[in-house]
Amino acid sequence: MSENILERIESLPPLPKTIAEIEEFRQKRDKEAFELLKIIEKDALIISTLLKVSNSAMFGFRSKVETPSRAINLLGINFTISIAIGGTVQNLLKANLSPYGINSDDFMRVSNMATTLTNLWLSKVSYDLKEELILPALLQEAGKFVIADILELEGKTSEFQALLSQGYSTAQAEKELLGLTTSEITARIFRHWKLSDTLINSIEFVDDLSNVDEAFRQRAEILNVVKTACEVNCALSDKSIQNAIEKAKEFNLDVKALEIAIEKLQDRLLDEE
């Protein structure tokens, strides 16, 4: 593994106090919306991100969401937590994502697509799984900020893009050039920030299911399918959808519910255009 990766992760700034409070709140068994509102109201960036995301056609709300309390009411506590942490993580990891052919806004949009797809799919499968996986679905690609930075620093961007053009998946190209994939680097970042073990274990081997702990296999398989459908540089393309459905069949997941969720998300995205 590149020493530059370790140095980049170790040099990351600490999470803001607001995120530490949200993470502590997330661990509680009984969560009250008003308590979450009190935490996020301290952070202008979180409120701005929350309102921006809430007003995306992706969520299909009929009227404009103008206050954080209404956003929490419409999105639910766990979805709001995901957006709050996701927006902050992206802001802290700022990097040029050009090796992947996208920018930060593209990344956030695809991350929100992944979270929405997870919500739509698992709502028909398991409430508990849905609640557990909304956050990792949003955050699992965060390591790409570090990878993009290192590819640029080491002058490997052209080589990386050449591998992609030859048919390598992003995970295969990352492993080939840097020895680690996005999911592994994301897990290392979250360990650095001392986020929950469950979050880390759900994400760490999404790109390498042969090494996943059996206790986290189903979570990792679901995240792998979502990641495949919402590939950062070709989210919900015909090929991405086909690959995701094939994986869902291979993992013996609920394919019909996935297909319905994809159709619903595509309809919402059409409304944005």
Side-chain angles (χ1 to χ4, degrees), residues 58 82 86 97 99-102 106-126 129-130 132-145 147-148 160-161 163-178 180-187 199 201-212 216-269:
M58 207 178 296
S82 299
L97 290 165
Y100 293 96
I102 60 171
D106 297 328
F107 181 89
M108 181 55 90
R109 185 170 185 272
V110 173
S111 297
N112 288 331
M113 287 168 63
T115 314
T116 305
L117 178 59
T118 302
N119 185 50
L120 291 170
W121 179 18
L122 298 183
S123 290
K124 304 297 183 184
V125 177
S126 164
L129 266 178
K130 181 196 76 171
E132 286 174 19
L133 291 180
I134 282 173
L135 181 59
L138 183 75
L139 295 179
Q140 66 172 327
E141 297 281 55
K144 281 187 165 48
F145 285 95
I147 291 177
F160 178 72
Q161 292 175 336
L163 290 175
L164 296 181
S165 68
Q166 291 167 27
Y168 280 62
S169 69
T170 53
Q172 289 169 334
E174 290 162 357
K175 193 80 169 181
E176 177 79 14
L177 294 181
L178 299 178
L180 289 173
T181 65
T182 292
S183 65
E184 293 169 294
I185 291 177
T186 302
L199 175 65
N201 291 333
S202 297
I203 290 172
E204 186 163 17
F205 295 108
V206 168
D207 294 326
D208 183 14
L209 294 169
S210 62
N211 283 317
V212 72
F216 290 91
R217 176 168 296 280
Q218 186 184 34
R219 293 181 182 93
E221 287 175 344
I222 290 168
L223 291 172
N224 184 289
V225 169
V226 170
K227 178 175 185 167
T228 301
C230 299
E231 185 76 39
V232 290
N233 52 7
C234 55
L236 296 188
S237 67
D238 290 344
K239 183 178 179 182
S240 297
I241 291 170
Q242 181 184 346
N243 289 341
I245 289 170
E246 285 174 2
K247 286 188 174 186
K249 289 176 182 175
E250 178 190 341
F251 302 148
N252 201 28
L253 299 172
D254 192 325
V255 176
K256 185 62 178 174
L258 174 62
E259 290 173 335
I260 292 170
I262 288 170
E263 287 177 16
K264 190 174 287 188
L265 179 54
Q266 287 175 317
D267 287 343
R268 289 184 183 179
L269 293 172

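For Glu174 and Thr182, the side-chain atoms include at least one donor-acceptor pair closer than 3.5 Å. Side chain to side chain, Glu246 and Gln242 meet the donor-acceptor criterion of an N or O pair below 3.5 Å. In the model, Thr186 has no side-chain atom that pairs as donor or acceptor with a side-chain atom of Ser183 under 3.5 Å.
Taking every heavy atom of both residues into account, Leu117 and Ala229 meet most closely at CD2-CB, 3.8 Å. Of all non-hydrogen atoms in Val125 and Ala257, the two that sit nearest each other are CG2-CB, 4.1 Å. Between Asn119 and Lys130, the shortest heavy-atom contact is OD1-CD, 3.0 Å. The heavy-atom pair separating Ala137 from Thr118 by the smallest distance is CB-OG1, 3.2 Å. When all heavy atoms of Val110 and Glu231 are compared, the pair lying nearest together is CG1-O, 4.3 Å. Between Cys234 and Ser240, the closest heavy-atom pair is O-OG, 2.9 Å.
The CD atom of Glu221 lies 8.0 Å from the CG atom of Asn224; values are rounded to the nearest 0.5 Å. Rounding to the nearest 0.5 angstrom, the gap separating the CZ atom in Arg219 from the CG atom in Leu199 is 11.0 Å. With rounding to the nearest 0.5 Å, the separation of CG in Leu236 from SG in Cys230 is 5.0 Å. Between the CD atom of Glu263 and the CG atom of Asp267 there is a distance of 7.5 Å, given to the nearest 0.5 Å. Rounding to the nearest 0.5 angstrom, the gap separating the CG atom in Leu97 from the CG atom in Asn233 is 11.0 Å. Between the CD1 atom in Ile185 and the CG atom in Leu178 there is a gap of 6.5 Å [rounded to 0.5 Å].
Shown here is Gln161, whose CD atom has more than 12 heavy atoms of other residues, nucleotides or ligands within 6.0 Å. Under a cut-off of 6.0 angstrom, the local environment of CG in Asp238 is sparse, with at most 12 non-hydrogen atoms contributed by other residues, nucleotides or ligands.
Asp207 has no carboxylate O lying under 4.0 Å from a charged side-chain N of Lys175, or vice versa, which leaves the two without a salt bridge.
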query: After noting the C-alpha distance and the side-chain angles of Leu163 and Gln172, does the key distance pass the side chain to side chain contact (heavy atoms under 4.5 Å, CB included) rule?
result: CA-CA 9 Å; Leu163 290 175; Gln172 289 169 334; over 6 Å; no

field: Residues Lys227, Leu223; criterion side chain to side chain contact (heavy atoms under 4.5 Å, CB included); working and verdict
entry: CA-CA 6 Å; Lys227 178 175 185 167; Leu223 291 172; 6.0 Å; no

task: Determine, stepwise, if the pair Ile260 / Lys124 fulfils side chain to side chain contact (heavy atoms under 4.5 Å, CB included).
output: CA-CA 10 Å; Ile260 292 170; Lys124 304 297 183 184; 5.7 Å; no

query: Taking it one step at a time, do Thr170 and Glu141 satisfy side chain to side chain contact (heavy atoms under 4.5 Å, CB included)?
result: CA-CA 11 Å; Thr170 53; Glu141 297 281 55; 5.8 Å; no

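Side-chain contact between Asp106 and Val232: absent, with no pair of heavy atoms (C-beta onward) separated by less than 4.5 Å. Residues Leu258 and Ile262 form a side-chain contact, since some pair of their non-hydrogen atoms from C-beta on lies under 4.5 Å apart. Within the 4.5 Å cutoff, the side chain of Lys247 has no heavy atoms near those of the Val255 side chain. Looking only at side-chain heavy atoms (C-beta outward), Leu269 and Leu265 come within less than 4.5 Å of each other. Using a 4.5 Å heavy-atom threshold, the side chains of Leu209 and Phe251 count as touching.
Of the possible donor and acceptor atoms, none in the side chain of Trp121 sits under 3.5 Å from a partner among the backbone N and O of Ile222. Judged by distance alone, with hydrogens and angles left aside, the side-chain atoms of Ser126 form no donor-acceptor pair with the main-chain N or O of Leu122 at under 3.5 Å.
Close placement of the Phe160 and Tyr100 rings is indicated, their centers lying within 6.0 Å of each other.
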